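Working notes, beginning with the structure itself.
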Amino acid sequence: AKSLGRGKVQFFNDTMRQKLKGAALLESDIQSGMNKHEFALFYQPIFTIQTGEIIGFEALVRWHHPERGFISPADFIPLAEETGQILALDLHILELAAKQLRLWHGTLPKDFKVTVNVSSKHFSTLEFADFIQRLYFEYKLPLGSLCIEITESGLIENLSLATEIIEKLKTCGVKLCLDDFGTGYSALGYLHQLPIHILKIDKSFIDNLNCGENHPLVDAILTLASALEFDVVAEGIETQTQLDVLKQTKCQYGQGFLVAKPMPAKQAFTFLTTGKLS
Ligand code: C2E
Ligand code: CA
Ligand code: CA
Ligand code: CA
């Protein structure tokens with residue numbers, strides 16, 4: 001038991017050292033990556049379930065690291081959350097999205113939205129709303145063209161401040177989407193208090209829509225959303241069966257590899273205007 005114990009300690013030490021080494025490199029790299037424009041946004045279409053019409057894009061960050069190559073957000077967003085750099089990185093990414101919206105100015109369908117993921121850490125200071133207002137002004141964005149996605153966890157901690165911030169964002173027509181809904185800790189009691197507009201049903205629920213069976217959880221989320229007058233986006237639709245099942249429900253919007261993967265801006269725009277992958 002003693003040697004096993006020691007082996008265990010050894011194992012943790014090695015992993016921790018490796019993790020720290022990686023972290024140290026990436027941490028300084030995130031800042032230089034922003035300076036050197038190594039972050040780019042890919043865009044994934046969000047469509048109307050019943051008609052297939054594309055009504056927006058979700059912006060998803062990609063990092064082209066000079067030495068490490070392509071790094072997935074799943075590998076650096078959690079690190080950035082840990083170090084607090086997520087605050088600067090999110091603002092950098094929001095600015096990339098605003099720039100792109102400006103480039104697309106006048107060519108997008110009416111009420112088209114680009115939705116950007118941000119950490120709920122921003123909802124503990126009013127600066128975030130000021131920043132968004134500045135973006136709208138500086139890039140002359142149409143009202144409502146930018147949408148914000150957050151996961152629920154951080155919002156409940158300071159409900160009144162979060163509400164104040166969201167109300168401030170509303171002056172730019174910014175809509176708020178609660179991401180990954182149904183995973184993690186859901187305090188249903190606060191849902192109706194938050195000025196939120198959209199719920200995104202997590203992919204794990206959509207994965208289970210593959211057979212002719214009942215889907216009580218998805219039904220329950222849709223009923224809840226409709227009672228609170230939220231729109232609903234189903235994420236991670238991969239099969240025709242999943243889409244067919246959703247067509248029988250009141251779920252308004254969808255997103256997933258079945259229709260399109262996240263793509264560079266140019267390709268996403270081609271897909272939007274021609275319906276074809278280039
Ligand atoms: P998320 O916000 O839940 O984003 C959805 C993820 O699912 C994306 O992965 C997307 O590429 C992927 N996805 C979309 N449709 C399908 C599908 O049909 N099947 C499968 N298997 N996957 C699908 P991605 O781009 O790797 O992003 C992972 C996570 O990293 C995101 O999860 C989000 O939490 C975070 N993230 C990505 N971009 C940003 C960003 O710009 N800022 C912040 N703060 N977080 C970001
Ligand atoms: Ca998201
Ligand atoms: Ca999600
Ligand atoms: Ca998810």
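In listed order, ligands and their atoms are each counted from 1. If you're wondering where the values come from, they're calculated on a predicted model, not measured in any experiment. Computation of the quantities below employed the complete heavy-atom set of this structure, encompassing side-chain atoms and omitting hydrogens, waters and symmetry-equivalent molecules.
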Between [Y] and [X], is the closest basic N to carboxylate O distance under 4.0 Å?
| X | Y | result |
| --- | --- | --- |
| Lys203 | Glu238 | yes |
| Glu38 | Arg62 | no |
| Asp90 | Lys121 | no |
| Glu95 | Arg134 | yes |

Check your understanding: Looking at ligand 1, does any of its N/O atoms fall within less than 3.5 Å of an N/O of Ser72?
Key ->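 No - when backbone and side-chain N and O of Ser72 are compared with those of ligand 1, no distance drops under 3.5 Å.
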Exercise for review: Indicate yes or no: does an N/O atom of Ala59 lie under 3.5 Å from an N/O atom of ligand 1?
Suggested key: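 In this structure, Ala59 places no N or O atom under 3.5 Å from an N or O of ligand 1.
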Report the part of [X] (side chain from C-beta onward, or backbone N, CA, C, O) that has a heavy atom under 4.0 Å from ligand 1; answer both or neither where that applies.
| X | answer |
| --- | --- |
| Arg62 | side chain |
| Ile93 | side chain |
| Val116 | neither |
| Leu89 | neither |

Can you establish whether the number of heavy atoms outside [X] located under 6.0 Å from its atom [atom1] is more than 12?
| X | atom1 | answer |
| --- | --- | --- |
| Lys113 | NZ | yes |
| Gln50 | CD | yes |
| Phe137 | CZ | no |
| Asn214 | CG | no |
| His64 | NE2 | yes |

Quick one: which ligand 1 atoms are inside 4.0 Å of a heavy atom on [X]?
| X | answer |
| --- | --- |
| Glu235 | 3 (O) |
| Gly236 | 16 (C), 17 (C), 18 (O) |
| Pro262 | 11 (O) |
| Gln44 | 14 (C), 15 (N) |
| Glu58 | 2 (O), 4 (O) |
| Gly256 | 15 (N), 18 (O) |

Practice item. May I ask you to check whether Glu58 brings an N, O or S atom to under 3.0 Å from the Ca ion (ligand 2)? Key: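 Here the distance criterion (N, O or S atom, under 3.0 Å) is met by Glu58, so yes.
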Review point. How about Asn117: does one of its N, O or S atoms come closer than 3.0 Å to the Ca ion (ligand 2)?
Key: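 Within the cut-off used here (under 3.0 Å), Asn117 does place an N, O or S atom near the Ca ion (ligand 2).
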Point to revise | ligand 1 contacted by Lys203 (non-hydrogen, < 4.0 Å) | key: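 The answer is yes: ligand 1 sits under 4.0 Å from a heavy atom of Lys203.
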Review point. Can Gln255 be said to touch ligand 1, with heavy atoms closer than 4.0 Å?
Key: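 No.
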Exercise for review: Treat each ILVMFWY residue as a node, draw an edge where side-chain heavy atoms are under 4.5 Å apart, and state whether Leu191 and Ile201 are in one component.
Suggested key: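 Yes, Leu191 connects to Ile201 through the hydrophobic network.
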Practice item. Check the hydrophobic clustering (I, L, V, M, F, W, Y; side-chain heavy atoms under 4.5 Å; chains of links allowed) and say if Leu91 and Leu146 are grouped together. Key: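 Yes, Leu91 and Leu146 fall within the same hydrophobic cluster.
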Review point. Do Asp29 and His65 come within less than 4.5 Å of each other through their side chains, counting heavy atoms only?
Key: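 Yes, at least one pair of side-chain atoms sits under 4.5 Å.
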Option of least heavy-atom distance to [atom] (set: [options]):
| atom | options | value |
| --- | --- | --- |
| atom 3 (O) of ligand 1 | Asp180, Leu258, Ile237, Leu60 | Asp180 |
| atom 43 (C) of ligand 1 | Leu41, Asn117, Val61 | Asn117 |
| atom 30 (O) of ligand 1 | Pro78, Pro73, Ala260 | Pro73 |

Heteroatom of [X] nearest to the Ca ion (ligand 3) (N, O or S, atom name):
| X | result |
| --- | --- |
| Asp179 | OD1 |
| Asp180 | OD1 |
| Glu235 | OE1 |

Check your understanding: By atom name, which N, O or S atom belonging to Glu149 lies closest to the Ca ion (ligand 2)?
Key ->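 Going by distance to the Ca ion (ligand 2), the closest N, O or S atom in Glu149 is OE1.
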Exercise for review: Would you confirm whether the ring centroid of Trp63 sits within less than 6.0 angstrom of the ring centroid of Phe70?
Suggested key: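 When the ring centroids of Phe70 and Trp63 are compared, they turn out to be at least 6.0 Å apart.
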Practice item. Kindly assign one of parallel, tilted or perpendicular to the pair Phe269 and Trp104, based on the angle between their ring planes and the thresholds 30° and 60°. Key: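 Ring orientation, 0 to 90° scale: parallel.
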